[in-house]
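To start, the structure under review is shown below, and the notes come after it.
For reference, positions follow the sequence shown, starting with 1. For clarity, every value in this text was computed on a predicted model and none was experimentally measured.
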Amino acid sequence: MNPELFELDSVVQWPDSNNRTPFPGFAEKSALQVFTPPSDSNDENNHTRFSVSTTFGPKADWHSHLPDITLVSLDSLAFYVHSHTLLAASENAFGSLLPTTSFDANLVIRVPESSAMLNIILRAVYHMPFSEYHSFEDLSGAVDLLPVYGVRPKSYILKDTHLYMLLLSYSPTLPLKVYTLAAKHDLEDLAVSTSSHLLSFNLSTLSDETAEAVGSEYLRRLFFLHIGRLDALKRLLLQPPSSHPPTDHCGASGQKALTRVWALASAYLAWDSRPDLSTNLLESTFAPLIKDLSCEICVENLNTRIKDLSFQWSQVKVRHHYCGLDSNVGSSFHH
């Protein structure tokens, strides 16, 4: 990063309508500080040095237009950006920092955020990839800041966007945090994709604080997702193996016995089942029934039913989930 010089004597007051935290070291506390570029680059006595973002530099070749505004973070990193891009993305002139009328090019505006936060916000607005590592805490903090600068998260964190994919990468390890963030900003695609990683989560351990952050709508969906999968499993278990016409070796009583042991195994599985029940556990529960069968037709029918059950249960993950025990109640997530 290269140092950039700005004059401290040429300060323009810009209203702080959001009453953001003021910058330390400035006498004026009621306004953000906007700097204009130096008039004499040889005089360094009245200048302050700022590092420049390697991506958002003054002559970045990834954009067809030259930047006309420079945003400077709390830790003095300068980002050269385009006012028309930020104004188009923001509903409040980027936190009331940007002029909405004509202005002299190359305004330099102090932003009360760290360079890490500002970098993520700008990359989201510009739909740019993330080349370096970002912790989930940084990503979550930046997403929470988007509304402060008038940017709707659900308009810029769409499925397959760079920020969406980066947040989704944390779903296997931090599913509840990702889900909470998605719920907070109504990022439904992200919530849907993350919810499958919460099937093993014990909802009874959910804290009041997290429940409040998730909100009633997405909390309801999460509960009904668990309930819907358990209900789907019970429905699948109700269907026993197919019967066959009586033979010399297997009459009606033999087939009734198979139906009875299937019902007992199903009851055990339904009683102790979890929304994240694996197909391996499902198969291993019914497979021991085969050794007690002497009829080859019953063995074949049981094997067929176990395979069908395993396949049908695996498809529940990508099918419509019911909102309650009654399928007519409503719908929850689709996977």
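Using a 4.5 Å cut-off between side-chain heavy atoms of Ile, Leu, Val, Met, Phe, Trp and Tyr, with links allowed through other members, Leu86 and Leu66 fall into different hydrophobic clusters. Hydrophobic clustering (ILVMFWY, side-chain heavy atoms < 4.5 Å, transitive): Ile227 and Leu230 are in distinct clusters. Transitive grouping of hydrophobic side chains (ILVMFWY, heavy atoms separated by less than 4.5 Å) keeps Ile306 and Tyr268 in distinct clusters. Leu219 and Leu203 fall within the same hydrophobic cluster, where Ile, Leu, Val, Met, Phe, Trp and Tyr residues are linked whenever their side-chain heavy atoms come under 4.5 Å apart, directly or through other members. Under a hydrophobic clustering in which Ile, Leu, Val, Met, Phe, Trp and Tyr are joined whenever their side-chain heavy atoms come within less than 4.5 Å, directly or via other members, Trp262 and Ile290 fall into the same cluster.
Residue-environment remark: CG (Asp292) exceeds the threshold of 12 foreign heavy atoms within 6.0 Å. Residue Glu132 qualifies as enclosed at atom CD: its count of foreign heavy atoms under 6.0 Å is above 12. Counting heavy-atom neighbours within 6.0 Å of Glu212 CD, excluding the residue itself, gives a total of 12 or less. Summarising the local packing, CD of Glu296 is surrounded by 12 or fewer heavy atoms from other residues, nucleotides or ligands at distances under 6.0 Å.
A donor atom on one side chain and an acceptor atom on the other are not found under 3.5 Å apart for Arg305 and Asn301. Remark: the Asp308 side chain and the Gln239 side chain contain no N/O donor-acceptor pair separated by less than 3.5 Å. Side-chain atoms of Ser278 and Asn280 form no donor-acceptor pair, as typed in the model, at a separation below 3.5 Å.
At least one side-chain heavy atom of Cys250 sits less than 4.5 Å from a side-chain heavy atom of Cys298. Using a 4.5 Å cut-off on side-chain heavy atoms (C-beta onward), Leu277 and Leu282 make contact. Put simply, the side chain of Ser131 reaches to within 4.5 Å of the side chain of Arg123, judged on heavy atoms. Looking at heavy atoms from C-beta onward, Leu139 lies in side-chain contact with Ile120 at the 4.5 angstrom threshold. For the pair Phe79/Pro67, no side-chain contact is recorded, criterion being any heavy-atom separation below 4.5 Å from C-beta on. Side-chain atoms of Ser73 and Val111, non-hydrogen and from C-beta on, never get closer than 4.5 Å to each other. Within the 4.5 Å cutoff, the side chain of Thr304 has no heavy atoms near those of the Ser242 side chain. Residues Leu71 and Phe56 fail the side-chain proximity criterion, which asks for heavy atoms closer than 4.5 Å.
Taken from OG in Ser76 to CZ in Arg110, the straight-line distance is 4.5 Å, to the nearest 0.5 Å. Note that the OG atom of Ser90 and the CG atom of Leu146 stand 10.0 Å from one another [nearest 0.5 Å]. To the nearest 0.5 Å, atoms CG (Asp189) and OG1 (Thr194) are separated by 10.5 Å. Here Phe286 contributes atom CZ and Ser266 contributes atom OG; the two are 3.5 Å apart, rounded to the nearest 0.5 Å. In this structure, Leu187 CG and Tyr164 OH are separated by 9.5 Å, a value rounded to the nearest 0.5 Å. Expressed to the nearest 0.5 Å, how far CG of Leu163 lies from CD1 of Ile157 amounts to 4.5 Å.
Judged by distance alone, the side chain of His226 and the main-chain N or O of Leu198 form a donor-acceptor pair under 3.5 Å. Here the side chain of Arg229 pairs no donor or acceptor atom with the backbone of Asp276 at under 3.5 angstrom. At distances below 3.5 Å, not a single donor-acceptor pair connects side-chain atoms of Ser140 with backbone N or O atoms of Glu137. His65 places no side-chain N or O within 3.5 Å of a backbone atom of His82 that could act as its donor or acceptor partner.
When Thr85, Ile121, Thr55 are each tested for a side chain to side chain contact (heavy atoms under 4.5 Å, CB included) with Tyr126, only one passes: Thr85.
Taking every heavy atom of both residues into account, Ser83 and Leu98 meet most closely at O-CD1, 4.3 Å. Leu233 and Ser273 make their closest contact through CD2-CB, 3.5 Å (heavy atoms, listed as atom of the first residue, atom of the second, distance). The two residues Lys234 and Ala270 make their nearest non-hydrogen contact at CG-CB, 4.1 Å. Shown here for Pro147 and Asn92, the closest heavy-atom pair between the two residues is O-ND2, 4.3 Å. Closest approach of Ser200 and Arg274 over heavy atoms only: O-NH2, 2.8 Å.
Taking the ring axis of Tyr218 as reference, the NZ or CZ atom of Arg221 stays within 45° of it and closer than 6.0 Å to the ring centre.
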Please assess Tyr179 against Ser195 for the test side-chain contact (heavy atoms from CB on, under 4.5 Å), listing each intermediate value before the final yes or no.
CA-CA 7 Å; Tyr179 186 83; Ser195 63; 4.3 Å; yes
Apply side-chain contact (heavy atoms from CB on, under 4.5 Å) to residues Met117 and Asp138 and explain how you reach the verdict.
CA-CA 7 Å; Met117 294 292 100; Asp138 281 350; 3.6 Å; yes
Test Leu181 against Lys177 for side-chain contact (heavy atoms from CB on, under 4.5 Å), laying out the working first.
CA-CA 6 Å; Leu181 180 68; Lys177 288 186 176 182; over 6 Å; no
Apply side-chain contact (heavy atoms from CB on, under 4.5 Å) to residues Leu167 and Val143 and explain how you reach the verdict.
CA-CA 10 Å; Leu167 290 169; Val143 172; 4.3 Å; yes
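Ion pair Glu188/Lys154 not flagged as a salt bridge, since none of the NZ, NE, NH1 or NH2 atoms sits closer than 4.0 Å to an Asp/Glu carboxylate oxygen.
The aromatic rings of Tyr156 and His127 sit parallel, their planes meeting at an angle under 30°, below the 60° perpendicular limit.
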